[in-house]
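Here's the structure, in structure tokens; my notes come after.
Protein chains get the first letters and strands the later ones, always in sequence-line order, with residue 1 at the start of each.
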Amino acid sequence: GAGVSQSPSNKVTEKGKDVELRCDPISGHTALYWYRQSLGQGLEFLIYFQGNSAPDKSGLPSDRFSAERTGGSVSTLTIQRTQQEDSAVYLCASSFNRGPEKLFFGSGTQLSVL
Amino acid sequence: EDQVTQSPEALRLQEGESSSLNCSYTVSGLRGLFWYRQDPGKGPEFLFTLYSAGEEKEKERLKATLTKKESFLHITAPKPEDSATYLCAVQGDYGGSQGNLIFGKGTKLSVKP
């Protein structure tokens, strides 16, 4: 079956603009995660959705970042008033089980803020 | 503070030259240690989960081991297709927060024919 799908694969934007990144998880996966990977850095946890529970937003770096998950499936990560330091690869992952057991990652969205 | 440190940052091997990658960690109540492989332009791909000290898992030329302070990823007789960045991650006991995997920065492995 299809894996985790992310779009767009690349996004170039100007400082101060808003961007939306989309993630379509594997069908049936109840858990969905967003991570950020900056050059030379490890993956940084952003937010975690599990079923209908309140999301764990503890990794969001500022109030410019928000995410939602509609109908327990597709998720959108929104970054408002983008800054140059937001440039990174944004990775989405999903899994069947509660907790990060065997995450399935998408290929990511490369965000460049000019 | 929970932390994961991987070494070396980069490793160059000749085809067939076995070696090991190290992942040192500090975490409050280890729930699991994970190894992922990441190819350029792709997301990480799951390799192994280890839960307790002494545990070992194998897959083809890879073998992962775990102690109370570190994990090793042993690569036996590597081939060029094993070239990738290998990521280590841990999940601690965060009182109910299941999502926060702490990742290391990875070891970039290059295997020359």
A/Gln83 side-chain N/O to A/Arg81 backbone N/O, donor-acceptor pair under 3.5 Å:
yes
Closest-packed option against chain A by number of heavy-atom pairs under 4.5 Å, given B/Gly41, B/Pro44, B/Gly43:
B/Pro44
For B/Leu87, is it the side chain, the backbone, both or neither that has a heavy atom under 4.5 Å from a heavy atom of chain A?
side chain
Residue part contacting chain B, namely of A/Leu91, when any heavy atom lies under 4.5 Å:
side chain
Salt-bridge criterion met for A/Asp18 and A/Arg64 (N-O under 4.0 Å)
no
B/Tyr36 side chain vs A/Leu103 backbone, donor-acceptor pair below 3.5 Å
yes
For A/Gln37, is it the side chain, the backbone, both or neither that has a heavy atom under 4.5 Å from a heavy atom of chain B?
side chain
Selection from B/Glu45, B/Gln6, B/Gln38, B/Lys108 maximising heavy-atom pairs under 4.5 Å formed with chain A:
B/Gln38
Verify the ring-centre separation between A/Phe105 and B/Phe46: is it less than 6.0 angstrom?
no
Among B/Leu66, B/Leu50, B/Thr65, side-chain contact (heavy atoms from CB on, under 4.5 Å) partner for B/Glu56:
B/Thr65
